[in-house]
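So that the names make sense, note that chain A is the first sequence line, chain B the second, and so on, each numbered from 1.
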Amino acid sequence: MLRRRSGQSAILIALSLFSMVIFVAFVTNIGILVNDKIRVQSAADLGAFSAAYREAQVMNRLAAINYDILKEAERCREMLEAGEPWMPPSCDCQPLHPMAEEIISGCSASIDAMAAQFQSTASYGASVSNAISAGEYTMNENVSGISSDFFEGYSGSATAPGAYSVDGLVSAIANFSRLTTNFNYWVMPFCPCFTGCCYQPAVPSMIVPVPSYYVKDDRNPDVWVMAEASGTMEGTYLDIAYSPAGNDGGYFGSSSDGGDSDRMVAISVAKPFDGSVGPTVIYLSDGSTSGIAAGNYGLPVERSNGFMLPEAYIQPTYRARLAGVHEWDSSSTIRTPATTIAQAYGIDYANLIRH
Amino acid sequence: MQILLGTKRRGQAAVETMLLAFLVMMILMSLVHLFTVTWASENAHIRAREGVMHGTSFLVGDRADIAYTSVSSSPFDSMTENYSALCNDYSCPITPYRFTATASDTTPDGFFGSQAISVQAVIAGN
C-alpha cells in the first residue's frame, strides 16, 4: 500500500505539468492573436486612410481645375460684356461680330483643354485605381515585419468601375456633368439705309452657349474606400487543437481545415470629406432650363455675378477621415465591404468579419 | 525504520512540492511577462497609428505620452509643418506622400528583463 501511494504525486505532477503546458500554449496563442489582430487592424486603418487621402488629393485637384474653368469663363464673359456694344466694321447687317467670335472661340478652346484635364484626373484609373494602389502600398509598408504568407492586403472602393462617369463618357470617381454657360454680347450692326449705312435701331444680343464648369449630380459623391487586411497564423503559433487533417490549429479555437475560415480579417472604411468639387446641379437649376446654370442665361445680357454662386460651392478642402463600416454607402447592396472582398477573393466573408 | 521511511517520504513530497512551486512561479512570471509584452505592443501600435494619422495635435496634456511617440510627418499637422501639404489654395497638385510616426513602449524590468518595442506606422502613396 505504501509503495502504491508513492506514485501518486508523480501522476499529479505529470497531470499538472501537462495542464500547465496547455495553459502556457493557450496564453501564448492569445498573445500572438492579440498582437496579430492589432497589426492587421492598424494596417487596414492606415491603408484605408491612405486611399482616402489620395482620393482627397484627387478631389481637391478636380476642384482646382473646376475653379480655373469657372474663372476663365468669367473672364471671357467680362471681356464680352465690357464697354460699348460691338459694332461690326462692315455694312453687312450681320449680328455676329468676328472679334467677339474670336474671343469666344479662344475661350472655348482653353476651357475645353481644362475640361480634358478634369476628365483625365477624374478618370477611374487616375483616381480610384490610384487610391486603391496607395492603400495596398501603405498596408504593405506597415506589415513589413510579417511574412508575406501571413499577411494579405486588399484595398477596394465603393466606386465600381463604370458606376460613375464624367459627362457619361469617362468612367470616373463620381458623377460629374458639364454645364453650359451662355456667352452674351451686345451687337449694334450697320445695315444699308437711304444714306448709306445706319445703325440698326434695335440692339440685339447674341447668345453663344459654351460648355464650361462641372457640377455634381449628387450632393455627396460616393467615394468611400475600404481596406481589408487579413492573415493566417504565424509559424510561432502553438498548435494545441486537434486536427484530423494534420493542419495547424485555428485562430478562433477550432481545429483548422487549412482554409479561409481560419483567417483573421480586419476591415476599415475611410472617405474624403469636407470639400466640394463644384455645385450640385439641383442647387443651380432654375427648374425650367435643364443643363443651364441659373444666373448664366437670360436676355439680353446676364452680368457675370452669375458666377458668384458656383464659385461658393468650389472648395478644395477635402481631407481624409476614417469612417465606420456602417457608413458605407447604404444604398448600394452590391458594394458592401463583405461583397467587395468576396468579389476580390471569391470568398464569402459576410459571416467572418470580426470587429 | 518505518519512522525513518515515513520521514523520508514526507521530505520527498516537500522537495517535489518546492520544485513544482518553482515551476509554477516561473510559468506565472513568464505569463505575466507575455502579458506585458502584449500590452506594450498594443500601446506602441496604437500610439504609432494615431500619431501618423493625427500628428502631434493630440499629444498634449499630462497624459499625452509624447515622450513615447515621435511624429516625423502627418497630414494636417501644423506642428510638423504638413498642415498645408494637401491643399490650401487653388493649385492642389497630386503628389506622392509619405507620413511616418514611430512609437515605443517598454515592459517593466522584471525577472526576464525589460523588453523595448518600437513600431513605425506609415501612410504612403506614390
Quick one: what part of A:V34 sits under 4.5 Å from any heavy atom of chain B, side chain, backbone, both or neither?
-> side chain
Heavy-atom nearest pair, B:C92 first then A:P316, reads SG-CB, 3.6 Å
Flag, side chain of A:N35 to backbone of B:T38, donor-acceptor distance under 3.5 Å | no
Heavy atoms only: give me the nearest B:T95-A:R54 pair and the separation to one decimal.
-> O-NH2, 3.2 Å
So what's closer than 4.5 Å to chain A heavy atoms on B:I123: side chain, backbone, both or neither?
-> both
Which atoms of B:L23 come close to chain A, meaning under 4.5 Å heavy atom to heavy atom: side chain ones, backbone ones, both, or neither?
-> side chain
To the nearest 0.5 Å, what is the distance between OH (B:Y97) and OG1 (A:T138)?
-> 5.5 Å
Bottom line for B:V52: the part with an atom under 4.5 Å from chain A's heavy atoms is side chain
Where on A:I314 is there a heavy atom nearer than 4.5 Å to chain B: the side chain, the backbone, both, or neither?
-> both
What distance do A:L322 atom CG and B:H54 atom NE2 have between them, rounded to the nearest 0.5 Å?
-> 7.0 Å
Would you give the length of the straight line joining atom CZ of B:R49 to atom CZ of A:F49, rounded to the nearest 0.5 angstrom?
-> 12.0 Å
Bottom line for A:A320: the part with an atom under 4.5 Å from chain B's heavy atoms is backbone
Which atom names give the shortest non-hydrogen contact between B:N126 and A:N130, and what distance separates them?
-> O-OD1, 4.1 Å
Name the member of B:L20, B:L31, B:T17, B:V37 that forms the most heavy-atom pairs with chain A at distances under 4.5 Å.
-> B:L31
A:F273, CZ: over 12 other non-hydrogen atoms inside 6.0 angstrom | yes
Most heavy-atom pairs under 4.5 angstrom with chain B, which of A:G275, A:A63, A:S42, A:A56?
-> A:S42
Once the angle between the rings of B:Y90 and A:Y67 is folded into 0 to 90°, is it parallel (under 30°), tilted (30 to 60°) or perpendicular (over 60°)?
-> parallel
Interface moiety of B:I94 toward chain A, non-hydrogen atoms closer than 4.5 Å | both
Which pair of non-hydrogen atoms, one from A:N142 and one from B:A121, has the smallest distance, and what is that distance?
-> OD1-CA, 3.2 Å
